[in-house]
Every structure is written in structure tokens, then in C-alpha cells.
Amino acid sequence: MRVLIAGGGIGGRTAAPGRHAAGIECVAAESAVELRPPGAGIDLRPHAAGELAGLGRGDGLAEVGVRTGFQTRIGRSGGTILALPRGRTSRSAGSR
């Protein structure tokens, strides 16, 4: 089996080594001339962080990541739309 991975973003950069580790030949294609950080934060759920750790990237993630305790979404008028516990806070609160 040969797999084409379209895009060198976080999904492509995670999918390619994962397929390689599973013995699946893959080719990753990216249209950008230069790969740069997106300039925005990336929210990783526990299962995504676990996948990165499984690919040997857990230590690097721990070095640059920030554990969040709460997520708040603010509307255009400045009011809170959604407020949810995250990380260890959500586990202690009984949420998933």
C-alpha cells in the first residue's frame, strides 16, 4: 500500500511518521514553499497528545506546550459564549 498525504500541517506532519512507523509507504505533498509556524495556538485533546507521545514527540510537546485548565470562547460583543474545564481540571470535574 502507498499513501499520499496532502498537506504538511499538523495533520500531515503527524500522519506521515505514523504511517512510516506502521510500515506503510507514504509520500507527503505540501504546496507552501516554506514551512512556518501558523501564528496561532493549537488546542490538542488528550487523544491527540497521546498519539504524538506514541510517535516519540511527547517530551518535545511537554517542552513547548502549555497545559490549559479552562477554555473560554468570547463572542464579538465580548460576552462569554462557552466556558469549559480542560486538562486536569476537566477530569477532576468529571467531564471528558
Side-chain angles (χ1 to χ4, degrees):
M1 176 187 302
R2 188 172 185 200
V3 175
L4 170 65
I5 298 172
I10 191 167
R13 289 182 184 189
T14 304
R19 301 305 71 83
H20 179 74
I24 299 171
E25 182 182 357
C26 64
V27 174
E30 171 58 52
S31 63
V33 175
E34 177 184 358
L35 297 178
R36 298 181 310 212
I42 298 171
D43 180 24
L44 295 178
R45 302 288 190 229
H47 66 278
E51 289 293 322
L52 289 172
L55 292 169
R57 304 289 192 242
D59 290 342
L61 181 60
E63 288 177 18
V64 299
V66 176
R67 290 185 183 261
T68 57
F70 215 79
Q71 176 185 19
T72 305
R73 295 192 183 176
I74 307 296
R76 290 181 185 158
S77 65
T80 299
I81 296 173
L82 180 69
L84 299 170
R86 289 288 181 236
R88 295 173 192 245
T89 305
S90 65
R91 288 190 202 107
S92 65
S95 301
R96 288 189 152 219

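Side chains are part of it too, since the values below use all heavy atoms of this structure and drop only hydrogens, waters and symmetry mates.
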> What closest approach, in Å, do A49 and L61 show between heavy atoms, and which atom pair accounts for it?
Replying inline: CB-CD2, 3.9 Å
> Which pair of non-hydrogen atoms, one from G18 and one from L55, has the smallest distance, and what is that distance?
Replying inline: CA-CD2, 3.6 Å
> Between A83 and F70, which heavy-atom pair has the shortest distance, and what is it?
Replying inline: CB-CE2, 3.5 Å
>> Looking at every heavy atom in both I74 and I81, which two are closest together, and how far apart are they?
In response: C-CD1, 4.0 Å
>> I'd like to know if I24 and I5 are part of one continuous hydrophobic network [Ile/Leu/Val/Met/Phe/Trp/Tyr, side-chain heavy atoms within less than 4.5 Å].
In response: yes
> Minimum heavy-atom separation for R13 to G8, with atom names?
Replying inline: NE-O, 2.8 Å
> Which atom names give the shortest non-hydrogen contact between A16 and C26, and what distance separates them?
Replying inline: O-SG, 3.7 Å
> Could you give the distance from CZ (R19) to OG1 (T14), rounded to the nearest 0.5 Å?
Replying inline: 9.5 Å
